[in-house]
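Note sheet for the following structure.
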Amino acid sequence: MRRVVLALLAVGVVVLEVVVLVQVAQLIGWWTVPLLLGCSLVGAWLVKREGARAWAALRDAVAAGEAPGRSLADAVVVLAGGLLILVPGLVTTVLGAVAVLPFTRGLAKRAFHAVLGHRLSDLEASLPGPDTTTGPGESPPGPVVEGRVVRRDRSTPPTA
């Protein structure tokens, strides 16, 4: 059943894109082609910039030991927006831009949450949170195993 719904949704998006593209072409003529190319170029640049920012925020949250819920949600929305921008067409490009732009990303997150809310909540609940078992400077409970880290050059085979 889900496959049928997804197939119908995909066909509906294609039909909508064609209808909008024909309407825009009738309105502005041959400028439609440069408009599509410009949207693709600006969209690719925007996805690269905002994707790098979202990835850095996610990496910083994980490095700080914080739960990456908000950063992860931003990264997922930017990724989805990037995929929409890469799909040729004006409607998907506008929807992708709404998901990627920082000042409209909150709107996109609310829309994603409305559609996928229970799944996102389950994902956030399954992510590990910050370690609250110890305070700053305290050692973790349980036995401590001492050891050392040995790094070897991966280009040379190990010796026996």
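- For the residue pair A54 and A75, the shortest heavy atom distance occurs at CB-CA, 3.9 Å.
- Two residues are said to be in side-chain contact when any heavy atoms from C-beta on lie closer than 4.5 Å; D74 and E50 fail this criterion.
- Of all the heavy atoms in G82 and V47, the pair that sits closest is CA-CG2, 3.5 Å.
- In this structure, V15 is not a member of the same hydrophobic cluster as V20, with clusters built from ILVMFWY side-chain heavy atoms closer than 4.5 Å.
- Here the CG-CG distance, from L36 to L41, works out to 11.0 Å after rounding to the nearest 0.5 Å.
- Atom-to-atom distance recorded for L35:CG and I28:CD1 is 5.0 Å, nearest 0.5 angstrom.
- When all heavy atoms of V91 and E17 are compared, the pair lying nearest together is N-OE1, 3.1 Å.
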query = Please walk me through it: do R49 and L46 pass side-chain contact (heavy atoms from CB on, under 4.5 Å)?
reply = CA-CA 5 Å; R49 186 186 83 172; L46 186 63; 4.0 Å; yes

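- To the nearest 0.5 Å, the span separating CE on M1 from CG on L6 amounts to 11.0 Å.
- V98 and V42 fall into different hydrophobic clusters, defined by Ile, Leu, Val, Met, Phe, Trp and Tyr side-chain heavy atoms under 4.5 Å apart, directly or through other members.
- Rounding to the nearest 0.5 Å places CG of L21 at 5.5 Å from CG of L90.
- Applying side chain to side chain contact (heavy atoms under 4.5 Å, CB included) to V87 and the options V13, L95, V14, T92 leaves one that passes, T92.
- A pairwise comparison of heavy atoms in A108 and A99 identifies CB-CA, 3.6 Å as the closest pair.
- Taken to the nearest 0.5 Å, the OG1 atom of T32 stands 9.5 Å off from the CD atom of Q26.
- Cluster annotation: F103 and V100 are assigned to the same hydrophobic cluster (Ile/Leu/Val/Met/Phe/Trp/Tyr, side-chain heavy-atom contacts under 4.5 Å, transitive).
- Taken to the nearest 0.5 Å, the CG atom of L101 stands 11.0 Å off from the CG atom of L107.
- Between I85 and G43, the shortest heavy-atom contact is CG2-CA, 3.6 Å.
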